[in-house]
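If you're wondering where the values come from, they're calculated on a predicted model, not measured in any experiment.
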Amino acid sequence: MIKNRSKKGGTNEKHKKQRNTLIALVITIIVLLILAGVSIAILTGEGGILSKAKTAGISQEEQEAREKLELVLQDLTISKHTDSKEHIHQENRWIWKLEFDRVEGPC
């Protein structure tokens with residue numbers, strides 16, 4: 001079998017392999033750059049993951065505040081309807097005690 005030699009003493013097959021390896025490397029780098037660009041755009045864009053996470057955090061805080069207010073309102077409503085007589089008597093006792101302490105002095 002006769003090998004074709006170039007003027008520099010190398011074979012044509014060796015140069016073809018090196019050229020193919022270089023082309024594959026360049027294509028790989030281009031694909032990686034494209035994937036990196038797409039990933040960065042997904043993370044930091046207007047509708048990106050980071051902005052959605054920030055919006056979700058704000059929405060969660062608002063929902064927690066609403067829930068706390070709702071619980072307070074429900075508690076007030078329940079205490080108004082169930083303990084209204086007892087609550088009034090307890091308030092009256094506090095008022096009488098305050099009046100007595102004001103007139104007679106603290107015990």
*Test Gln74 against Glu70 for side-chain contact (heavy atoms from CB on, under 4.5 Å), laying out the working first.*
CA-CA 6 Å; Gln74 288 176 1; Glu70 187 70 28; 3.5 Å; yes
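- Of all heavy-atom pairs between Gly45 and Ser51, the closest is O-OG, 3.6 Å.
- Clustering ILVMFWY residues whenever any of their side-chain heavy atoms sit less than 4.5 angstrom apart, transitively, puts Val38 in the very cluster that holds Leu43.
- Atom OG of Ser39 is separated from atom CG of Leu32 by 10.5 Å, given to the nearest 0.5 angstrom.
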*Assess whether side-chain contact (heavy atoms from CB on, under 4.5 Å) is satisfied between Ile29 and Leu25, documenting all intermediate values.*
CA-CA 6 Å; Ile29 290 172; Leu25 180 63; 4.1 Å; yes
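- There is a path of hydrophobic side-chain contacts, each under 4.5 Å, that joins Ile27 to Leu35.
- Atom CG of Asn20 and atom NZ of Lys16 lie 9.0 Å apart (nearest 0.5 Å).
- Rounding to the nearest 0.5 Å places OG1 of Thr55 at 10.5 Å from CG of Leu50.
- Here Lys17 contributes atom NZ and Asn12 contributes atom CG; the two are 12.5 Å apart, rounded to the nearest 0.5 Å.
- Rounding to the nearest 0.5 Å gives a distance of 7.5 Å between CD of Glu64 and CD of Glu67.
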